[in-house]
Amino acid sequence: MSVLETVDDHSLTDEDTDLFELLCQRRGWSDQYLKKIESTEHDELLDLAEMVEALHEARNAGKKITIAPDFDMDGISSGVLGYAGLSELGFDVELHLPDYRRGHELTPEDIAEIQAKWPGTRVLLTCDGGVNSHGGIAAARALGWTTLVTDHHEELAPGSTADVTVDPCRIDETYPHTGICGAHVLYQVIEAYTRVHRPEKLWEIHLLRLFAGLGTVSDVMPMLYENRQLVRDAISIARLLRVAAPKTIPNPWGGFDADPDAIDVEQSILMQLLRADPHHPVYLRAFEGFAVMLKVFAQAGKIRDVDDLDEGFFGFYLAPAMNSPRRTGDSLEPCFAVFTAADVDVKFKAARRIIESNELRKQLVTKHMEELSTGDQPLAPWVYFSDAHPGMYGLLANRMMKLNGSPVVVLNRPAGPDDFVSGSGRAPGWFDIITSLEPHEGLSAIGHQQACGVRVAKADKLNDLVAVLLEATQDARLAVSTDGPNGDLVLGPDADCDIGLDDLQPLFELVRRTEGLKPFGHGFTAPVVEIAIEPLGLRVDRIGSEAQHLRLVTRSGLSCLWWNAAEEKLDVIRSFVQRASRTELGTLRFTATLQLNTFRGDTRVQAVINEQITTAA
């Protein structure tokens with residue numbers, strides 16, 4: 001059976017062009033490839049069995065375990081997963097609140113805090129960090145603690161000093177798919193423990209795939225192999241925690257509209273199932289907290305339908321919101337409290353504080369991006385200096401990387417040539433920052449190859465950093481072709497287009513069949529099309545609560561949404577449309593993603609514009 005048949009055997013007919021088949025050909029999505037990336041089979045991580053037995057010894061001896069997670073969304077997911085899972089399995093376990101001001105590595109200060117708060121701790125379990133935390137691990141071992149590290153970052157020489165380390169990126173690891181997140185590593189440990197020692201609890205532990213899948217998307221892991229089914233499972237579990245907003249608000253037409261404020265999270269299918277049997281309170285609180293976050297996002301207008309809960313919601317709404325406190329300098333406590341607090345009202349307060357912090361984060365991004373673009377940046381476009389909160393550096397580097405199409409490092413501004421400088425680097429998939437910097441004295445990076453912390457021993461080494469990025473980028477780009485169209489398919493009336501826009505049914509079928517290949521993400525990205533639009537007869541409207549968005553509607557009825565573009569683009573596009581009625585100006589071209597939109601029972605295809613690739617001057 002071919003890939004076409006696995007989704008639908010319907011064949012398109014527009015001059016014998018099957019857009020879905022054409023898309024698969026251009027992407028290299030053969031039947032064999034798609035079958036390969038769906039495989040969930042994988043080897044056992046090194047020392048996983050040893051960690052399982054170390055945990056079992058701790059449980060049998062009644063030893064207190066304290067979990068020390070990282071502070072990003074993957075770390076939060078890992079910490080909540082471990083705290084809930086081990087509690088449900090009968091462990092004496094506590095959860096440490098990380099301090100992002102200390103950086104990603106576990107420090108002796110963290111160990112001192114744990115010792116002061118839970119002096120009975122005998123086992124330290126790290127998640128999404130710890131493999132290179134030599135100081136923190138040494139401090140824990142000095143107290144006589146057993147040290148167990150679960151991580152997914154690259155282990156650096158001389159290697160981890162913990163008693164047991166499970167990490168797909170260990171120096172001696174042979175695990176075939178290293179791109180799994182920290183939460184997924186800890187999940188594999190806990191699931192393995194459950195299979196061996198508490199098989200009757202497998203259903204409960206499998207539900208924690210919700211948090212492992214969330215960590216996978218938030219940490220931008222490749223959407224390949226075991227990650228694909230993990231994310232599907234996470235989305236399915238999330239949907240079981242959603243409650244549709246009851247229609248209790250009267251509208252002018254005599255009916256009622258949905259009222260998100262009236263959502264009762266306890267009415268979700270999964271919460272009702274969990275409440276039917278005895279479970280550890282910590283375990284229940286984790287899922288209740290997720291349901292609370294869904295309600296708050298529904299109140300914010302981000303979730304209107306069950307289909308809104310997908311990998312896009314995880315990556316573009318939930319993860320950025322949970323990461324926002326560390327970017328704005330706010331407390332991280334609400335990000336854990338929403339999943340761990342005993343009182344549901346405390347959970348709601350925490351969730352709303354997270355949303356408020358996220359709104360502040362958006363404002364600060366706008367402010368600091370303008371500063372990067374217009375301020376004094378002598379090392380641009382490779383290195384930028386910022387006065388933003390350090391937690392913002394990675395986000396700013398990512399934005400600048402997308403604008404420049406090349407690796408970018410954002411650093412604090414040094415006062416003198418001997419100052420130590422640090423920040424964050426981001427790079428396209430074809431460039432490895434860590435590998436590029438490793439051979440050069442005074443330059444180092446830690447984290448992931450495309451998203452990492454960057455350190456420069458002295459400011460006078462900054463020119464070396466620029467030279468390394470420039471040279472390595474030039475070498476890498478030799479293998480990257482930039483010719484050809486900007487999208488996987490080209491749609492419109494021009495000679496180079498694959499199909500016209502007069503009949504939208506082929507596009508509808510394309511999107512419907514493409515959605516059968518979800519989830520999309522890093523390494524398996526959603527298709528992008530290039531759309532050529534004739535300006536003659538094009539309708540241009542402002543939409544949104546503040547009229548901040550644009551909607552372009554073609555003569556054939558294709559609605560193209562352009563988010564937050566009204567202020568900058570409205571007059572230009574309207575002028576172009578008006579002039580088109582008097583002279584031949586050619587088409588407007590955009591890159592866009594296609595999606596299906598259902599309104600009052602009618603489902604249509606629409607485009608969401610990513611960027612304009614021809615000018616309307």
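Keep in mind that this is a model prediction, so the values were computed, not measured.
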Given side chains that start at C-beta, do those of [X] and [Y] come closer than 4.5 Å, heavy atoms only?
X    : Y    : result
K367 : M392 : no
L55  : I65  : yes
L517 : L34  : yes
V93  : L125 : no
M271 : L241 : yes
L95  : T340 : yes
K64  : F91  : no
L124 : L148 : no

Looking at [X] and [Y], what are the two nearest heavy atoms and their distance?
X    : Y    : value
N358 : S324 : N-OG, 3.3 Å
A350 : A337 : CB-CB, 4.2 Å
A298 : I263 : CB-CD1, 4.0 Å
A84  : A286 : CB-CB, 4.0 Å
L214 : M73  : CD2-CE, 3.7 Å
P527 : D488 : CA-OD2, 3.3 Å

Qualifying residues under side-chain contact (heavy atoms from CB on, under 4.5 Å), relative to P281, sequence neighbours excluded: R285
Taking atom [atom1] of [X] as the centre, report whether more than 12 heavy atoms of other residues, nucleotides or ligands fall under 6.0 Å from it.
X    : atom1 : result
E200 : CD    : yes
R604 : CZ    : no
K518 : NZ    : yes
R102 : CZ    : yes
R101 : CZ    : no

Using a 3.5 Å distance criterion without hydrogens, assess whether the side chain of [X] forms a donor-acceptor pair with backbone atoms of [Y].
X    : Y    : value
D151 : V131 : yes
D128 : G75  : yes
T593 : V528 : no
N227 : M223 : no
T525 : H522 : no
S133 : G129 : no
R59  : L89  : yes
T121 : V123 : no
R542 : A547 : yes
D74  : A183 : yes

Exercise: do [X] and [Y] side chains pair donor with acceptor under 3.5 Å:
X    : Y    : answer
H152 : D219 : yes
E567 : Q548 : no
E191 : H206 : yes
T107 : D110 : yes
T248 : D259 : yes

I'd like to know if [X] and [Y] make a salt bridge, using a cut-off of under 4.0 Å between side-chain N and carboxylate O.
X    : Y    : answer
E288 : K347 : yes
E113 : K117 : no
D257 : K247 : no
E204 : R198 : no
K402 : E611 : no

Test side-chain contact (heavy atoms from CB on, under 4.5 Å) applied to H368 and L372, step by step: CA-CA 6 Å; H368 292 301; L372 292 188; 5.5 Å; no
CA sep, side-chain torsions, deciding dist, call: E38, Y225, side-chain contact (heavy atoms from CB on, under 4.5 Å): CA-CA 5 Å; E38 290 294 340; Y225 312 115; over 6 Å; no
Out of curiosity, [X] [atom1] to [Y] [atom2], how far, rounded to the nearest 0.5 Å?
X    : Y    : atom1 : atom2 : result
M221 : H177 : CE    : NE2   : 8.5 Å
F520 : T514 : CZ    : OG1   : 6.0 Å
K201 : H280 : NZ    : NE2   : 10.0 Å
H389 : T328 : NE2   : OG1   : 7.5 Å
D167 : L45  : CG    : CG    : 8.5 Å
F20  : R513 : CZ    : CZ    : 5.5 Å

side-chain contact (heavy atoms from CB on, under 4.5 Å) between F508 and T603, worked out: CA-CA 9 Å; F508 180 94; T603 302; 3.8 Å; yes
All pairs passing salt bridge (charged side-chain N to carboxylate O under 4.0 Å, His left out) where residues 328-337 contributes a residue, at least two apart: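 Qualifying pairs, neighbours excluded: D330-R353.
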Parallel, tilted or perpendicular: rings of F297 and F313 (30°, 60°):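 Plane angle over 60°, so perpendicular.
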Run the ring-centre check on [X] versus [Y] and record whether the distance is less than 6.0 Å.
X    : Y    : value
H448 : H153 : yes
Y283 : Y83  : no
F71  : F336 : no

Stepwise side-chain contact (heavy atoms from CB on, under 4.5 Å) test for I609 and L561: CA-CA 6 Å; I609 294 174; L561 307 178; over 6 Å; no
ring-ring contact (aromatic ring centres under 6.0 Å, His included) between F211 and Y187, worked out: CA-CA 9 Å; F211 296 98; Y187 172 81; over 10 Å; no
Residue pair Q606, Q595: steps toward the side-chain hydrogen bond (donor to acceptor under 3.5 Å, both in side chains) verdict: CA-CA 6 Å; Q606 66 182 19; Q595 60 182 216; 2.6 Å; yes
